[in-house]
Amino acid sequence: MARYNPKEVEPRWRAAWDAQGVFRTRTADEAEGKPKYYVLEMFPYPSGNIHMGHARNYVMGDVVARFKRARGFNVLHPMGWDAFGMPAENAAMERGVHPKSWTYQNIDNMRAQLKLLGLSIDWDREFATCDPAYYGRQQRWFLDLMRRGLVYRKESVVNWDPVDQTVLANEQVVDGLGWRSGAPVEKRKLTQWFLRITDYADDLLESLKTLDRWPDKVRLMQENWIGKSRGLKLRWSFTGVAPEGYENGVEVYTTRPDTLYGASFLALSPDHPIAERLAADDPTVAEFVVRCRTGGTSEADIEGAEKLGLDTGLTVRHPFDPDRIVPVWIANFVLMDYGTGAIFGCPAHDERDLEFARKYGLSVTPVVLPPDVDSTSFKIEDEPYTGPGRLFNSAFLDGLDVDAGIAAAIDRAEADGIGEGATVWRLRDWGVSRQRYWGCPIPVIHCEACGAVPVPADQLPVVLPDDVSFDRPGNPLMRHDAWRKVTCPECGGPGERETDTLDTFVDSSWYFARFADPKAEPPIDKTAADYWLPVDQYIGGVEHAVLHLLYARFVSRALTDAGDMSVREPFAGLFTQGMVVHETYRLPEEARLRLNDQKGWIEPTDVEVINDAGNRSAKRISTGEPLLIGDIEKMSKSKKNVVAPEEILDSYGVDAGRLFVLSDSPPERDVQWTPGGIEGSWRFVNRVWGEFESLPQGSISASDPSAADALRRTTHKAIKAVTDGFDGFRFNSAIARLYEFVNAIKAASLETVGSDAKREALSALARLIAPLVPHLAEECWAALGARNTEIGGMVVDAPWPSYDAALAADEELVLPIQVNGKRRGEVRVRPGLGEGEVEQLALSDEAIKRHLEGLTVRKVIVVKDRIVNIVVG
RNA sequence: GCGGACGUGGCGGAACGGUAGACGCAGCGGACUUAAAAUCCGCUUCCCGAAAGGGAGUGUGGGUUCGAUUCCCACCGUCCGCACCA
């Protein structure tokens, strides 16, 4: 038997698909009544190379696309590039390459690599977000949203890297230092552009309920991120002279107005306007405010941060009891951008307030009495009480439970005209300004007379200038006077272009809609988008569970309200796939010291793992020295535990690789790359090919018709199981069933089952494996065609095999018989046999009789076609 | 701290509340081979037993049920998300 040669076979079939244009998308008019199906994988950032994680992601999408195609859907399966972003600028700074050429070179490289995977992608629809044709249209709708009031500028506090002279995202600040420069990050106030995502907070939250084909985990993460809370905004009036502008009092937000009688202090954020005003006049306050701001922003900093407070000397009156005077503090743990930036502290029933009160000697008055606790013995010590109970020490609220107390307090505040029930969101407006070159220019011109003026439609797109230098830190657009200095479109006076560019998450918030017709004149071709959207199956990493997926949902709503599209919810089905992980190998400490290699990671290609009676050890091939086997981690260059797709292609071909990344774990979980695993997939490829290759011409009749019948049953069961597996995203189970099927085909000798049953099985097999291993499937299909005139064309155009329900059902069942829940025997029956007959068979079974000796049968439970359980006493 | 997911052989993992361990990897035995690789056949949860068979078993402890890996409660462990959100 000739060994299957993927190096020869695979390119040949890719060329055949290309030559016939089989993956060209059919428009609605060309669909011939087929229902549409839009499969999309999150498009890649063109970092330079396709890695295994990409490969798994795109192969998964490709399996879905090919499967749906075979099942008669008109499929859209496009690919593009999320091409703006910082790595291109870093490359420019480090290597002197222009971001543009670096990016497009990477795209060329990665496109070629992706094509090797044999993906059923319509490459005619490809675009990159850094194409002016794309980002120019993004500028168009950005201005539309601006006209609709969804875009605004405001001053906000950002992480500023003083060396690189740029804003850093929170993720780019590591232990208070800039991730690139290593300089201490400063908090700076900058005027930034924002998108009003909070206008859609309620809709974004409520509609999560409709996303029944999203993982619960992702919906929950978005729900928490949006963070809706119901409570009361309540004004506290100052005793004596109020700070200017606060004559009506300071507003405080609380979700626990029931505990108002337990208030012992008010606390303002250090960024609260009152705090800032006090700081202007009082150096002590100013110093305190600065001290609060210098705290780190990392998780550990916040967790370990001590509560700091400063008594302002101001006091306010309790809103429900004017005789009670409450001190006003400034406290570092109060956030300015949540609620009103001011809280009331009720130490008895809030952990943070208690810590603060204990530190500064403020009073602690319990007002919620836990059930079955005596009010005289109830004391707050080190822990606040946050559970349910009845209110006491609380005047008109006494005796109410927590929920009733909250409602009553809100009613009273509203009746008194000192507060309103309010909804507060954790979600903030989306800051989209980036002080960077390699991004979509914000199409605005600043004019001293006219303010921020949108660039007129006939002057779009605002194209990035190519002649920029990266020899100095900061945004080169700011020093590019020829580009920056323009006349104001309104008054004709001197104007300056906005030099901020858009967050790259804006680029990825609408690309799926552009794919509907990527050459259309408007940003989104409404007819095409109405046909293709929503994306039926979106596939990507869970790391985008909140940001990208939330932004895309928001932009879809905004663009729908602006009339550009009609689908508010862009992704009907979402699947979050797991990563590709690999064991790590490391030099022992002694060798690390000797070689002055602190990390000492060794790449898998230089490692031999020895398995000695279950004890695994590793040695370095190049030197023969022993290595430590480390944790199994995400493939990464830093740990050197990367297996490059090219290496696999070279030795096993694409199909074996495609099969392996899906076979060893459920798709939502991480898959561990192992040499043995890929070998197993490779063996399967060869076994399959062997079956087709060894099929002779002509027909052979079955020597054992019952064996032929059994193979037919196996075939139809396999079709059903694999179809269900693909439908349910259980690729690993579907593959397991295919292995079983191939084993069964192999076990059925041609003489015994005859050529008809064998051909039927192989014809089904070729089509069932086609989504997974498309090249092999074509080769098999062609081999079948060469031996059977009824089969022709390519398997990519063949319809999905259907199964005969009668054949897919079992002819005979083996029912286990349990005695008191323990399996004691079995009985063979035909499906659907009546309960009484099954019971008789079970009770008359010899093995069962033995187990029933001397016992009384109390009850016999017969579950039809499933099991018999005899209960004895 | 809050929220969520997960915990099954040596390993990856299968099991609409109904035969736990499918399928694969590794391992062991055998065939082919001068030999090896490749391939093929068989065995492979643990304990007792030559076998037939028996017992135990899905993180731990309880509960619901004729029957629980699956449902409920508590605990332990691992991973993920959020995190001073009032």
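A note on names: the letters A, B, ... follow the listed sequences, proteins ahead of strands, and every chain is numbered from 1.
In this structure, a donor-acceptor pair under 3.5 Å is absent between the side chains of A:Asn732 and A:Ser663. Defined by atom type and a distance below 3.5 Å, a donor-acceptor pair is present between the side-chain atoms of A:Tyr253 and A:Ser229. Looking only at atom types and distance, the side chain of A:Gln577 has no donor-acceptor partner in the side chain of A:Arg669 under 3.5 Å away. A:Tyr4 and A:Glu693 share no side-chain donor-acceptor pair at under 3.5 Å.
One atom, CD of A:Glu583, and another, P of B:C11, lie 13 Å apart when rounded to the nearest Å.
Exactly one residue among A:Leu362, A:Thr312, A:Leu266 makes a side-chain contact (heavy atoms from CB on, under 4.5 Å) with A:Pro327. That residue is A:Leu362. If you run side-chain hydrogen bond (donor to acceptor under 3.5 Å, both in side chains) between A:Thr423 and each of A:Lys228, A:Arg230, A:Lys233, only A:Arg230 comes through.
For A:Tyr739 and A:Phe741, the distance between ring centers is not under 6.0 angstrom. A centroid separation of less than 6.0 Å is found between the aromatic rings of A:Trp673 and A:Phe660. The ring of A:Phe505 has its center no closer than 6.0 angstrom to the ring center of A:Trp430. The ring of A:Tyr360 has its center no closer than 6.0 angstrom to the ring center of A:Phe265.
Of the C1' atoms belonging to B:A22 and B:C72, the separation is 29 Å, rounded to the nearest Å. On the P atoms, B:U19 is 33 Å away from B:G77, given to the nearest whole Å. Nucleotides B:G61 and B:G1 are separated by 26 Å at their P atoms, to the nearest Å. Rounded to whole Å, the separation between the C1' atoms of B:G18 and B:U69 comes to 13 Å. Comparing B:G57 with B:A51, their C1' atoms are spaced 23 Å from each other, to the whole Å. Distance check on atom C1': B:A74 versus B:A15 gives 27 Å, rounded to whole Å. Across B:U39 and B:U45, the matching C1' atoms stand 29 Å from one another, rounded to whole Å. Between B:G21 and B:U34, the distance separating the two C1' atoms is 42 Å to the nearest Å.
Scanning all heavy atoms of the two residues, the minimum distance from A:Pro604 to A:Val643 falls at CG-CG2, 4.5 Å.
A donor-acceptor pair is defined here as one N or O able to donate and one able to accept, closer than 3.5 Å; no such pair exists between the side chain of A:Arg256 and the backbone of A:Cys346. Of the possible polar contacts, none joining the A:Asn869 side chain to the A:Val860 backbone as a donor-acceptor pair under 3.5 Å is found.
Pair check for B:U70 finds none; no Watson-Crick or G-U wobble contact set falls under 3.5 Å. Across all strands shown, nothing is found opposite B:U19 as a Watson-Crick or G-U wobble partner with both distances under 3.5 Å. In this structure, B:C82 forms a base pair with B:G1, meeting either the Watson-Crick or the G-U wobble geometry with both donor-acceptor distances under 3.5 Å. Of the nucleotides present, none pairs with B:A14 by Watson-Crick or G-U wobble criteria with both distances under 3.5 Å. Look at B:U34: it lacks any Watson-Crick or wobble partner with both distances under 3.5 angstrom. Pairing of B:C6, defined by two Watson-Crick or G-U wobble distances under 3.5 Å, is identified with B:G77.
Applying the 90° criterion around 0 to the glycosidic angle, B:G9 comes out syn.
Heavy atoms of A:Val860 sit nowhere under 4.0 angstrom from any nucleic acid atom. Residue A:Val334 is in base contact, counting any heavy-atom pair closer than 4.0 Å across all strands shown. At the heavy-atom level, A:Asp216 lies nowhere under 4.0 Å from the strands shown. Across all strands shown, A:Lys864 has no heavy atoms under 4.0 Å from either base or sugar-phosphate atoms. Contact annotation for A:Thr674: no contact, since no heavy-atom pair falls under 4.0 Å across all strands. Residue contacts shown for A:Gly680 are limited to sugar-phosphate atoms, with no base heavy atom under 4.0 Å away. Within the 4.0 angstrom heavy-atom criterion, only backbone atoms of the sugar-phosphate kind lie near A:Asn732; the bases stay farther away. Residue A:Arg858 is classed as having no contact, given no heavy-atom separation below 4.0 Å to the nucleic acid. Residue contacts shown for A:Thr254 are limited to sugar-phosphate atoms, with no base heavy atom under 4.0 Å away.
With the nearest nucleotide of RNA chain B identified for both A:Lys217 and A:Pro666, A:Pro666 has the one nearer the 5' end. Where A:Gln672 and A:Arg823 meet RNA chain B, the nucleotide closest to each residue was compared, and A:Gln672 sits on the side nearer the 5' end.
With B:C84, B:G12, B:A86 as the choices, the nucleotide that has an atom nearest any side-chain atom of A:Ser665 turns out to be B:G12. Set against B:A86, B:G81, B:C16, the side chain of A:Ile343 has B:A86 as its closest nucleotide.
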Show the distances under 3.5 angstrom between N or O atoms of the protein and N or O atoms of nucleotides 69-71 of chain B.
none

Do any N or O atoms of the protein come closer than 3.5 Å to N or O atoms of nucleotides 60-67 of chain B, and which pairs are they?
residue, atom, partner, partner atom, Å
B:C66, O2', A:Asn869, ND2, 3.2
B:C66, O2, A:Asn869, ND2, 2.7

Would you mind building the protein contact string for nucleotides 37-54 of chain B? One character per nucleotide, 5' to 3', B for base within reach (heavy atoms under 4.0 Å), S for sugar-phosphate only, - for untouched.
-> -SSS-------------S
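Remark: A:Asn224 is not in phosphate contact with B:A83, judged by side-chain N or O atoms under 4.0 Å from OP1 or OP2. Phosphate proximity of B:A86 to A:Tyr338: present, with a side-chain N or O under 4.0 Å from OP1 or OP2.
Annotation: cation-pi pair A:Lys307/A:Phe333 present, NZ/CZ under 6.0 Å from the ring centroid and within 45° of its normal.
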